[in-house]
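Here's the structure we're looking at; comments come further down.
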Amino acid sequence: MCSVALLEDGVLEEFYVEDRNIELVTGNIYKGRVVNVLPGLSSAFVDIGKRKNGFLAASDMLEKRTALYRSGQLPTRLDVSEGDYVLVQAIKEPTETKGARLSANLSIPGRYIVFMPTVDFIGVSNKISDDESRDRLIELLTKNRPTPGCGLIARTAAKDAPKSDIIDEIKYFNGLYESILDKFNAAEGVDKLYSDGDLIFRSVRDLLNSAVDEVVCNNNDIATRLKKDLSENLASSVKVTLVEGEDVLKRYGVLDEVEKLLQPKIELKNGGNIVIDYTEALTVIDVNSAKHIGDVDRERTVFETNCEAAKEIARQLRLRNVGGMIVIDFIDMQDPLHNEEVVDVLRKETAVDRIRTRVLPMTELGLVQMTRKKTGREIQSLLLRRCSECHGAAYVQAPNFLLRKIKARLIDIFADTACTAAVVSVNSEMFDCMCGGDWQMAVGKYRARVYLVPDQTIGKNSFKISARTEQVISLPSNAYLLA
């Protein structure tokens, strides 16, 4: 497993994990074959050589939908037929139930630009706010785009980059696109034509700039590769330090911070806390004052807690890579100006996020709705596995309820008059409970015998019952006659 952590003044700001045994598809470009067209949904399923077919939707093909809609270029239907080969790019990872989301409009990110060969659009990163820089970059991109129909977006790093470096990158991507088209025409069937690279490559491209002082690595081969990539991609030198025989993440306190990312509750410095809960449709965040009692002015105390929570929420969304719809329940405030200021703090903190976010005004109920573009998997899905006891429910059944189900099953079994005994196997905790006097009476009286057997292989939500018809049965030494 490969990990990349970005620390600013010793504080963890971004963290990424990639399992080398799992191939990611986001950013990859494929020659796919249309296997099924759904005209009613304006979409199609496309075979890209993976276990599940990818999903190509006409209404969700472009990232800059609003700007392109104004230019009249937002597609409303797919002009493809079953069996056609199409040039597509994966824009979202597959899930357990769905294949990868695909787009027919390619978007290839570089250090300074995003190259979009099939979209007629010139733009600048929203993080470049001054008009002079934006106008200068738009003029540069417009003058140097390879074809009138080619789209270019200046990334944040382009603001201070030499003009020649930006032009060289445009030329490089234009040549890359031509080679992708050649591979598409040469491929006889479904094939991968371009890969977005591994975590190390993407980190050099997206994270490293002149503001980075040092890169610490614990692998000699990767350190050598980093030195080469950084010398080729950065104008100023960045120190690469190789640390062997020591866990780098532990050395800088990253492991302890990552451990906290797996917990739902995050403690705030002033005594308050936030609780993050994940659902199928959205992520819900609750803000609590908890131990922060403040002074006699309740409104001021709540306002300060909400402001600190807004800052930490923005950081947690980056660290946990939370995407999709997010609803935040801030503590109720009476002053409307305080409501607006808390939302402004949240917008300011999320503005530094490299992933596109959108924050809506606070509702009358004190809720803030926001969205963050989904990119890859959330940190929890990478570092946690579904619990074999609760199967993801986060709870186990109460012993009383489990006993109720055992009694119901015994009634069904003893309805067969040929049954002379039943052997009930439960986990050791349930076994101890059921052997107690009150529990033994609660099982009930039956015309046949009931034996209780502890079994460590049985989960806390489960039990096993076997019906016996023979007069003499073989039982383990720790079996207990229950009734």
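- D332 and R298 are not joined by a salt bridge, as no carboxylate oxygen comes within less than 4.0 angstrom of a charged side-chain nitrogen.
- Side-chain atoms of T350 come within 3.5 Å of backbone atoms of R347 as a donor-acceptor pair (strictly under, hydrogens ignored).
- Using a distance-only test at 3.5 Å, with no hydrogens or angles considered, a donor-acceptor pair links the side chain of E299 to the main chain of Q334.
- Between the side chains of D196 and N28, no donor-acceptor pair of N or O atoms lies under 3.5 Å.
- A salt bridge is absent between K269 and E308; no separation between the charged side-chain nitrogens and carboxylate oxygens falls under 4.0 Å.
- For CD of E267, the number of neighbouring non-hydrogen atoms (other residues, nucleotides, ligands) closer than 6.0 Å is greater than 12.
- Residues E169 and R111 are not paired through a salt bridge, judged by the lack of any N-O separation under 4.0 Å between the basic side chain and the carboxylate.
- The residues K260 and E257 are annotated as salt-bridged, a charged nitrogen and a carboxylate oxygen being separated by less than 4.0 angstrom.
- Residues Q316 and I276 form a side-chain contact, since some pair of their non-hydrogen atoms from C-beta on lies under 4.5 Å apart.
- By the 4.5 Å heavy-atom criterion applied to side chains, I166 and L140 are counted as neighbours.
- With I331 as reference, T305 is the one residue of N288, V342, T305 to meet the side-chain contact (heavy atoms from CB on, under 4.5 Å) rule.
- Atom CD1 of I326 is separated from atom CG of L360 by 11.0 Å, given to the nearest 0.5 angstrom.
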* Asked: T283 and T279: side-chain contact (heavy atoms from CB on, under 4.5 Å), yes or no, with the steps?
  -> CA-CA 6 Å; T283 299; T279 72; over 6 Å; no
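- Checking side-chain atoms of R155 against main-chain N and O of V124 turns up no donor-acceptor pair under 3.5 Å.
- Here the side chains of V86 and V46 are in contact, with some heavy-atom distance below 4.5 Å.
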* To do: Go through E14 and Y16 one step at a time and tell me if the side chain to side chain donor-acceptor pair (under 3.5 Å) criterion holds.
  => CA-CA 7 Å; E14 297 187 42; Y16 303 95; 2.3 Å; yes
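- Rounding to the nearest 0.5 Å places NZ of K171 at 10.5 Å from CG of N174.
- The one candidate from I153, I108, L152 that meets the side-chain contact (heavy atoms from CB on, under 4.5 Å) condition with V114 is I153.
- In terms of heavy atoms, Y278 sits closest to Q380 at CE1-OE1, 3.1 Å.
- Put simply, the side chain of V343 reaches to within 4.5 Å of the side chain of V368, judged on heavy atoms.
- With respect to D353, the side chain to side chain donor-acceptor pair (under 3.5 Å) criterion is satisfied by exactly one of K127, R372, R318: R372.
- Residue K348 qualifies as open at atom NZ: its count of foreign heavy atoms under 6.0 Å is 12 or below.
- Between the side chain of R315 and the backbone N or O of L12 there is at least one donor-acceptor pair closer than 3.5 Å.
- By the 6.0 Å contact criterion, NZ on K460 is open, its count of non-hydrogen atoms from other residues, nucleotides or ligands being 12 or less.
- Closest approach of L268 and E312 over heavy atoms only: CD2-CB, 3.8 Å.
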* To do: For the pair D455 and V426, evaluate side-chain contact (heavy atoms from CB on, under 4.5 Å) and give the outcome as yes or no after the intermediate values.
  => CA-CA 6 Å; D455 187 341; V426 295; over 6 Å; no
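- Summarising the geometry, atom CG belonging to L402 is positioned 7.5 Å from atom CG belonging to N461; distances are rounded to the nearest 0.5 Å.
- Taking every heavy atom of both residues into account, I170 and F115 meet most closely at O-CE1, 4.3 Å.
- Side chain of E8 to main chain of E13: no donor-acceptor pair is present (N/O by atom type, distance under 3.5 Å, no hydrogens or angles).
- Nearest heavy-atom pair, A154 versus L141, reported as atom, atom and distance to 0.1 Å: N-CD1, 3.6 Å.
- The pair R202-E18 meets the salt-bridge criterion, with a side-chain N (NZ, NE, NH1 or NH2) lying under 4.0 Å from an Asp/Glu carboxylate O.
- Here F45 contributes atom CZ and N53 contributes atom CG; the two are 7.5 Å apart, rounded to the nearest 0.5 Å.
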* Under the salt bridge (Lys or Arg N to Asp or Glu O under 4.0 Å) criterion, do K250 and D256 qualify, and how do the steps go? -> CA-CA 7 Å; K250 184 177 181 181; D256 292 338; over 6 Å; no
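- Under a 3.5 Å cut-off, the side chain of T363 and the backbone N or O of L367 do form a donor-acceptor pair.
- Looking at S103 and Q89, their side chains never bring a donor and an acceptor atom within 3.5 Å of each other.
- In this structure, R358 places its CZ atom where only 12 or fewer heavy-atom neighbours from other residues, nucleotides or ligands lie under 6.0 Å away.
- The two residues P454 and S428 come nearest to each other via the heavy atoms CB-CA, 4.5 Å.
- The number of heavy-atom neighbours closer than 6.0 Å to NZ of K50, taken from other residues, nucleotides and ligands shown, is above 12.
- Comment: R136 does not engage E132 in a salt bridge, judged by the lack of any side-chain N to carboxylate O separation of less than 4.0 angstrom.
- Taking OH of Y177 as the start and CE of M116 as the end, the distance is 12.5 Å to the nearest 0.5 Å.
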* To do: Show your working on side-chain contact (heavy atoms from CB on, under 4.5 Å) between D335 and F303 and close with a plain yes or no.
  => CA-CA 9 Å; D335 190 342; F303 172 66; over 6 Å; no
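- The shortest distance between side-chain heavy atoms of N220 and L242 falls below 4.5 Å.
- With no hydrogens or angles considered, no side-chain donor-acceptor pair links D221 and T224 at under 3.5 Å.
- The main-chain N or O of L261 is found under 3.5 Å from a side-chain atom of R320 such that the two form a donor-acceptor pair.
- Between the CG atom of L346 and the CE atom of M362 there is a distance of 9.0 Å, given to the nearest 0.5 Å.
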* Begin with the C-alpha distance, continue with both residues' side-chain angles, and end with the deciding distance and a verdict on side chain to side chain donor-acceptor pair (under 3.5 Å) for N321 and E378. => CA-CA 5 Å; N321 196 27; E378 294 178 357; over 6 Å; no
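- Across I328 and V287, no two heavy atoms sit closer than the pair CG2-CG2, 4.2 Å.
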